[in-house]
Amino acid sequence: MITTDKYNPHELEPRWQQYWEEIGLLKATEGKGGKKAYILVMFPYPSGDLHMGHLKNYTMGDALARFRVQQGYSVLHPFGWDAFGLPAENAALKFGVSPADWTFSNIRQSKESLALMGIRYDWSREVTTCLPEYYKWNQWIFLKMYERGLVYRKKSLVNWDPVEQSVLANEQVIDGRGWRSGALVEKRELEQWYLKITDYAERLLNDLDKLPRWPEKVKAMQRAWIGKSTGAEFDFQVKGHDLKIRVFSTRPDTIFGATFMVLAPEHELVPLITTPEQKAAVEAYVAAARMKSEVERQMEDREKTGVFTGAYAINPASGKEIPIWVADYVLAGYGTGAIMAVPGQDERDWEFAEKFGLEIIRTVEPPAGWQGKAYTEDGPAINSGFLNGLYVEEAKKKIIAWMEEKGIGQGKVNYRLRDWLISRQRYWGTPIPMIHCDSCGIVPVPYEELPVVLPTLKDVEDIRPKGKSPLAAHPEFYECTCPRCGGKARRDTDTMDTFFDSSWYFLRYTDAQNPQAPFDPEKANFWMPVDQYIGGIEHAILHLLYSRFFTKFLHDLGLVEAEEPFEGLFTQGMVMGWTNVGEVEVREGRIYFLDDARRSKLELEQGLTLEEAQKSGAELREEGGKTYFWKPAVMSKSLGNGVMVGPFVREQGADIARVTILFAAPPENEMIWTEEGVQGAWRYLNRVYRLVAEQRAELKAQPELLEPARLEGAHKALYQKLHQTIQKVTEDLEALRFNTAIAALMELLNALNDYRKAEGVTPVFREAVLRYIQMLAPFAPHLAEELWHEFYEGSVFHAPWPKVDEAALVADSFELVVQVNGKLRGKATVSTQASEEEIKRIARTLPNVQQHIAGKEVLKEIYVPGKLLNIVVKG
RNA sequence: GCCGGGAUGGCGGAAUGGUAGACGCUACGGACUUAAAAUCCGUUGCCCGCAAGGGCGUGUGGGUUCGAGUCCCAUUCCCGGCACCA
């Protein structure tokens with residue numbers, strides 16, 4: 001009910017939020033027949049009060065979900081919390097509260113912010129990963145994977161984050177630093193739990209082709225991460241030893257040019273083959289390599305280093321003796337950790353050979369006049385015995401057949417993807433459901449004993465990271481009996497990587513409260529796959545790859561039909577806010593920061609020129625006689641540039657915030673939150689409100705529009721504009737183009753205002769206003785609901801989405817564009833019935849057209865019906 | 001270096017090979033007001049012109065086409081990812 005002539009969001013918004021609660025809007029039910037829409041936003045780490053940066057993807061998801069409800073779909077739009085993880089532990093240590101209390105208090109606050117924005121979820125399906133009701137099923141899945149041979153324990157060099165005091169997966173190390181802590185990662189040799197994601201490498205790679213609604217960028221990143229390469233694996237005999245060195249190569253065809261071999265420093269044969277004379281040098285080199293962090297190895301200008309072992313291998317193709325070196329440009333973790341070096345065809349090997357004076361033999365003929373060093377392209381084989389003359393592909397086939405015949409090797413596919421290390425030496429995570437028994441070895445916890453509950457640690461000090469699992473200090477947790485022999489045994493005290501939790505939560509939503517199973521396959525099959533997943537690009541590899549892996553595994557278990565979890569993926573751009581970086585001083589055209597602490601934090605260089613500053617989007621603002629450096633930066637708690645939901649909604653309104661976010665820029669681009677943008681949203685919604693409020697008595701007095709076909713003139717034009725807009729808004733919403741959908745609505749609003757001024761309130765006006773309200777609903781649901789209730793009892797979301805009247809799109813006249821030689825020279829309004837001859841005649845009556853064709857020979861005329869006529873003249 | 005994406009007014013950005021700049025913001029002018037805010041109306045790519053109109057214009061250089069922001073070739077720059085993976 002419109003209660004005032006003034007648009008008053010904070011009066012009307014709570015009323016409708018309560019109403020939606022009462023009618024159970026967006027409560028998901030598995031419908032029969034009809035279409036389903038599973039709209040999912042990436043669940044967040046519960047961080048407390050939310051700012052507009054957090055809310056962009058939730059607003060997008062909510063608008064899409066509401067649109068699908070209006071279209072009559074069965075809609076699943078759930079929400080939950082990725083609640084395990086480090087920040088809760090850190091907060092616990094900082095404030096002395098338990099991780100659980102801190103987490104649940106944050107969840108409460110976040111929920112309030114979401115409700116204030118009118119973002120609705122089916123909360124009966126809420127998932128919170130730190131609850132035993134959820135993580136029990138993490139453990140269940142882990143055990144199923146163990147049964148299927150996808151879980152194993154391995155001792156190896158792992159990434160150790162000295163700040164987190166825990167190991168990390170390869171995916172979590174970026175540029176040699178922990179993805180969260182930013183600390184330089186160290187190498188430690190530890191025995192840890194791994195998931196065999198590599199078993200799924202081929203499927204994870206191939207099925208990317210089945211995802212047309214994923215951004216190309218994300219697919220490219222995953223392809224690169226999986227890193228498939230095809231070649232061969234084969235042996236080199238070590239001279240004077242009964243030992244073989246196995247190598248992987250994508251270019252087995254170049255084997256005749258293998259003039260030396262290189263082993264990774266960690267390679268197990270290094271100590272066995274090193275000669276006494278070289279022992280000291282090799283040991284020193286290996287020790288030094290072990291000390292170096294990933295970053296150091298990458299940083300050193302890639303200047304090749306290495307040391308000769310003193311040993312020789314026999315090249316099986318040429319029969320030559322070739323020296324075996326140790327060098328850290330060969331990585332222990334890839335392939336076999338050893339290579340045959342072919343300097344003639346490999347740039348890295350060339351560089352190494354040049355530096356250490358090793359022999360270089362070309363085995364592929366470079367093109368005439370080749371000035372370069374290693375030649376890596378295609379060409380005929382030379383110096384290669386029975387391969388001579390063959391081009392690369394042919395030579396590869398032949399040499400692999402030869403290797404297989406001789407029993408020294410075979411064709412082989414390698415992946416860069418490594419198995420997923422999931423053990424973490426942390427407290428706030430899912431306990432790994434394994435038992436170590438002195439007599440039986442490793443024994444899985446029986447299913448009926450799940451969950452292995454994470455104990456509540458009373459003393460905050462107990463969870464402080466100490467380099468080993470906090471649970472290892474708690475006998476009441478780890479002491480147990482072996483399920484197999486009944487003897488004394490010890491629980492595994494590590495917890496799971498939290499990415500395990502988020503790898504299947506979207507399946508739990510389909511049946512969130514099931515106490516018997518992770519989910520009911522029937523329910524999962526109704527909702528899966530997710531039709532639209534919305535989240536940040538930062539998860540392009542980690543979360544999205546792991547989720548695909550889990551879905552395939554659960555598919556293989558027969559629990560879900562879908563083999564891919566996310567049919568459509570949308571990566572939204574970030575929300576930026578204007579940020580005061582600090583006080584500056586301008587001297588001689590350069591900007592100097594006065595506050596060094598703040599400067600280093602944002603890594604802004606001193607002595608920036610004004611042009612540089614401007615180019616980077618920064619601004620200098622004067623305030624109280626001082627100059628400050630402002631620039632847009634990603635909204636975040638630490639920068640203090642976040643526009644907080646609570647205060648904003650109380651002062652301005654939720655619908656205004658929603659329209660500001662959705663209209664400011666295409667959703668995949670970053671947007672800058674500005675006061676001007678908010679003003680624009682306010683003005684727009686206010687104009688919509690007044691359009692209805694000021695005319696409400698007259699609008700209600702209008703009869704329903706019954707015969708659109710009989711409309712003429714301005715009435716017909718408005719009706720046509722309405723249906724063009726319905727078409728545009730519908731298409732744009734399907735494709736998540738919220739900005740252009742809103743622009744189309746603004747256009748229609750302008751048309752409505754113009755029409756009313758000229759024609760007054762009429763049945764077609766009433767019709768257009770009602771459809772308008774419906775189309776506004778996904779974006780500004782509170783206002784739309786308010787206006788709708790002026791006319792109807794039920795919710796606007798339960799009224800069927802407006803349908804395009806195709807007949808209305810057919811106009812009876814159009815604006816003919818007349819070009820001469822492709823240049824616009826005139827326009828005329830003509831009937832759609834007009835014949836081509838008539839059109840050509842009318843075009844020639846336009847004075848400006850006459851002027852440009854006068855006295856010239858017409859070569860041809862291009863006529864595009866309903867659009868344009870291009871008269872081509874000579875000269 | 002390789003891969004992905006991009007370059008359009010003062011700004012965010014629109015444009016199935018067919019009127020470039022929709023929509024919004026900013027700025028300017030006007031109305032209302034004692035005044036301001038809010039609101040409403042108008043102008044707003046650049047150049048020439050009193051005007052009618054004309055010329056130029058989508059990073060740059062070519063090409064295809066009656067017609068190119070859009071397609072093709074080359075090139076520059078920007079953003080993002082990967083980077084000794086044999």
Side-chain angles (χ1 to χ4, degrees), chain A residues 6 174-175 215-225 227-229 231 247-252 254 258 262 264 297-298 300 302-304 327-342 345-349 351-352 376 414-418 537 540-541 571 615 617 659-660 663-666 668-672 674-684 686-687 690 728 737 739-750 753 815-827 847-848 851-852 859-864 866-873:
Chain A
K6 197 174 173 298
I174 294 145
D175 291 337
E216 207 44 57
K217 193 204 300 199
V218 174
K219 288 191 278 186
M221 282 164 75
Q222 291 212 355
R223 279 191 196 102
W225 185 262
K228 180 179 182 174
S229 59
V247 301
F248 172 76
S249 173
T250 54
R251 293 294 303 276
T254 62
V262 184
R297 278 206 191 181
Q298 279 166 24
E300 290 164 10
R302 293 191 196 169
E303 178 70 25
K304 296 274 182 293
D328 67 0
Y329 82 90
V330 173
L331 308 175
Y334 183 77
T336 60
I339 60 159
M340 66 166 184
V342 189
Q345 273 73 233
D346 185 286
E347 283 159 15
R348 299 153 299 185
D349 296 344
E351 201 189 317
F352 195 83
T376 56
N414 243 319
Y415 300 92
R416 287 165 77 169
L417 181 69
R418 312 290 158 82
I537 186 75
I541 294 173
T571 53
K615 218 177 149 193
V659 170
T660 303
F663 180 66
E668 66 274 22
N669 288 11
E670 66 185 31
M671 69 157 287
I672 304 177
T674 61
E675 196 43 50
E676 289 78 14
V678 173
Q679 272 298 317
W682 155 258
R683 278 202 281 257
Y684 166 59
N686 204 17
R687 273 171 14 115
R690 289 205 323 268
K728 172 85 175 144
R737 291 188 294 253
N739 58 325
T740 48
I742 293 172
L745 286 173
M746 288 174 169
E747 259 190 82
L748 180 56
L749 178 67
N750 293 342
N753 276 322
E815 194 179 37
L816 175 73
V817 171
V818 184
Q819 299 179 331
V820 177
N821 287 350
K823 281 190 199 288
L824 176 69
R825 294 303 179 191
K827 293 178 194 175
N848 207 28
Q851 199 183 316
H852 282 92
L859 296 175
K860 65 169 142 176
E861 288 170 286
I862 313 292
Y863 176 55
V864 183
K867 274 236 163 87
L868 119 174
L869 180 74
N870 186 12
I871 303 170
V872 185
V873 298

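Letters A, B, ... are given to chains in the order of the sequence lines, protein chains preceding strands, and every chain is numbered from 1. Keep in mind that what you see is a predicted model, and the values were worked out from it rather than measured.
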Anything under 30° is parallel, anything over 60° is perpendicular, the rest tilted; go ahead and classify A:Y334 against A:F248. perpendicular
[N] - base-pair partner by Watson-Crick or wobble geometry, distances under 3.5 Å:
| N | value |
| --- | --- |
| B:rG1 | B:rC82 |
| B:rA35 | none |
| B:rC25 | B:rG10 |

So what does [X] hit on the nucleic acid, given a heavy-atom distance under 4.0 Å: a base, only sugar-phosphate, or nothing?
| X | answer |
| --- | --- |
| A:N414 | nothing |
| A:A224 | nothing |
| A:E747 | sugar-phosphate |
| A:Q679 | nothing |

At under 4.0 Å, does any side-chain N or O of [X] touch on OP1 or OP2 of [N]?
| X | N | value |
| --- | --- | --- |
| A:R416 | B:rC82 | no |
| A:H852 | B:rG53 | no |
| A:R825 | B:rG54 | yes |
| A:Y684 | B:rG24 | no |
| A:K823 | B:rC56 | yes |
| A:R223 | B:rC3 | no |
| A:N750 | B:rG24 | yes |
| A:N739 | B:rG24 | no |

Hey, is the main chain of [Y] close enough, under 3.5 Å, to the side chain of [X] for a donor-acceptor pair?
| X | Y | result |
| --- | --- | --- |
| A:D346 | A:A341 | no |
| A:E668 | A:T571 | no |
| A:N870 | A:G822 | yes |

Pair of N/O donor and acceptor under 3.5 Å linking B:rC3 base with A:K217 side chain: no
Looking at B:rU16, does its base get a donor-acceptor pair with the side chain of A:K867 below 3.5 Å? yes
Rounded to whole angstrom units, what separation is found between the [atom1] atom of [X] and the [atom2] atom of [N]?
| X | N | atom1 | atom2 | value |
| --- | --- | --- | --- | --- |
| A:L859 | B:rU65 | CG | P | 15 Å |
| A:N669 | B:rC78 | CG | C1' | 14 Å |
| A:W682 | B:rC25 | CH2 | C1' | 18 Å |
| A:I742 | B:rC25 | CD1 | P | 13 Å |
| A:N870 | B:rG17 | CG | P | 18 Å |
| A:K228 | B:rC82 | NZ | P | 23 Å |
| A:R687 | B:rC23 | CZ | P | 11 Å |
| A:R737 | B:rA22 | CZ | P | 19 Å |

What closest approach, in Å, do A:V873 and A:H852 show between heavy atoms, and which atom pair accounts for it? CG2-O, 4.3 Å
Might you point out which heavy atoms bring A:G337 and A:V330 nearest each other, and give the distance in Å? O-CG1, 3.6 Å
How about A:E347: does its CD atom have over 12 heavy atoms from other parts shown lying under 6.0 Å from it? no
With RNA chain B as reference, determine whether A:T674 or A:P666 sits nearer its 5' end, using the nearest nucleotide of each. A:P666
Find which nucleotide of RNA chain B each of A:I541 and A:E216 is nearest to by heavy atoms, and output the residue with the more 5' nucleotide. A:E216
Nearest listed nucleotide, side chain of [X], among [options]:
| X | options | answer |
| --- | --- | --- |
| A:L824 | B:rC82, B:rG54, B:rU19 | B:rU19 |
| A:K827 | B:rU19, B:rG24, B:rG81 | B:rU19 |
| A:V872 | B:rG24, B:rC66, B:rA86 | B:rC66 |
| A:E676 | B:rG13, B:rC66, B:rU26 | B:rU26 |

Say we look at B:rC79 and B:rG61: how far apart would their C1' atoms be, to the nearest angstrom? 24 Å
When you check the glycosidic angle of B:rG54, does it come out syn, meaning within 90° of 0, or anti? anti
